[in-house]
Number of protein chains: 2
Amino acid sequence: MAEDRLSVIFAALADPTRRGILARLAEGDATVSELAEPFAISLPAISRHLKVLEHAGLITRSRSAQWRSSSLNPEPLREATAWMERYRQFWDANFDRLDAHLRRIQAQTERNEP
Amino acid sequence: MAEDRLSVIFAALADPTRRGILARLAEGDATVSELAEPFAISLPAISRHLKVLEHAGLITRSRSAQWRSSSLNPEPLREATAWMERYRQFWDANFDRLDAHLRRIQAQTERNEP
DNA sequence: CCTATGTTTAACGCATCCGTTAATTAACGA
DNA sequence: TCGTTAATTAACGGATGCGTTAAACATAGG
């Protein structure tokens, strides 16, 4: 009932079928039936998983005739990783130095290619 | 019942109280009571959250007298981000180039400071 | 229109999650 | 030894998650 955005995103990622769906969508848009094909579960079950992913903002959907196409929307993954980055210093000793370097490069790049 | 490791990790992160506990532990080890203090829920509830975090490998625990201290173990966060990195190219256009640069720097650094 | 195809909704069962309060365990210390 | 403090386990209730099958809906197309 809290249902903050980050919780919804992580909960959506906490199911292997949904992660499998995202992996498939990384290769291109797909219909519900196409997404269901690799899994040994019913179509309604897949339909629900898609609704969860959509609610988390991880996919967007469009309809064309009787087909509903899903496409990956990675924005929430950026949010999730952004949250985890706060802990990165704990598991990557080189992070601070490399990150600083990265920022320098990025800033330079932005100056050269505005 | 699948309970692959990644699912357990993401599920553990899908609760705001547990993320709050991790945030607190990022500032240093703490006892159960200390961890419970900011939250308006009972001690047994916190105790369960800690068990979930421990099961996900996100914390390790030690006992000293009647106090049980928890400490952050960020390794699973690394795994989770590693999974998400597969999608990074979708949300960070500069990723490929910057990553290449990063690797070059890293390799150079390792040569210079073995 | 009628039917075939793709997808969703409805209704249900079962397991797990998250919280509670009460009881129990563990260890310290007067 | 007895009481206090720290934490966990037990037992329960309600909500949510994930699966099923059957029914409904939407659209193309003869």
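- When the P atom of C:dC18 is taken as reference, atom CG of B:Leu50 falls 13 Å away, rounded to whole Å.
- Proximity of B:Arg48 to the phosphate of C:dT20: no side-chain N or O atom is located under 4.0 Å from OP1 or OP2.
- With respect to B:Ile59, the side chain to side chain contact (heavy atoms under 4.5 Å, CB included) criterion is satisfied by exactly one of B:Asn73, B:Asp29, B:Leu25: B:Leu25.
- If you take CD1 of A:Ile41 and C1' of C:dT8, they are 15 Å apart, rounded to a whole angstrom.
- An OP1 or OP2 oxygen of D:dG19 is reached within less than 4.0 angstrom by a side-chain nitrogen or oxygen of A:His49.
- In this structure, A:His55 places its NE2 atom 12 Å from P of D:dT16, rounding to the nearest Å.
- Rounded to whole Å, atom C1' of D:dC18 lies 12 Å from atom CD1 of A:Ile46.
- Going from atom CG of A:Asp15 over to atom P of D:dT16 covers 18 Å, rounded to whole Å.
- Remark: A:Leu35 CG to A:Ser70 OG distance equals 5.5 Å, nearest 0.5 Å.
- One atom, CZ of A:Phe39, and another, P of D:dG19, lie 10 Å apart when rounded to the nearest Å.
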**Study point:** Reading 5' to 3' through nucleotides 21-30 of chain C, protein heavy-atom contacts under 4.0 Å coded B for base, S for sugar-phosphate only, - for none
**Key:** BB----SS--

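- The side chain to side chain donor-acceptor pair (under 3.5 Å) test applied to B:Arg48 returns no partner, not counting sequence neighbours.
- A close approach under 4.0 Å does occur between a side-chain nitrogen or oxygen of A:Lys51 and OP1 or OP2 of C:dT9.
- Here CD1 of A:Ile46 is found 4.0 Å from CD1 of A:Ile41. Values are rounded to the nearest 0.5 Å.
- Here the P atom of nucleotide C:dG6 and the CD atom of A:Glu34 are 10 Å apart, to the nearest Å.
- In this structure, the separation between CD1 on A:Ile9 and NE2 on A:His55 is 10.5 Å, given to the nearest 0.5 Å.
- Checking B:Leu58, B:Leu77, B:Thr81 one by one against A:Tyr87, the side chain to side chain contact (heavy atoms under 4.5 Å, CB included) holds for a single residue, B:Leu77.
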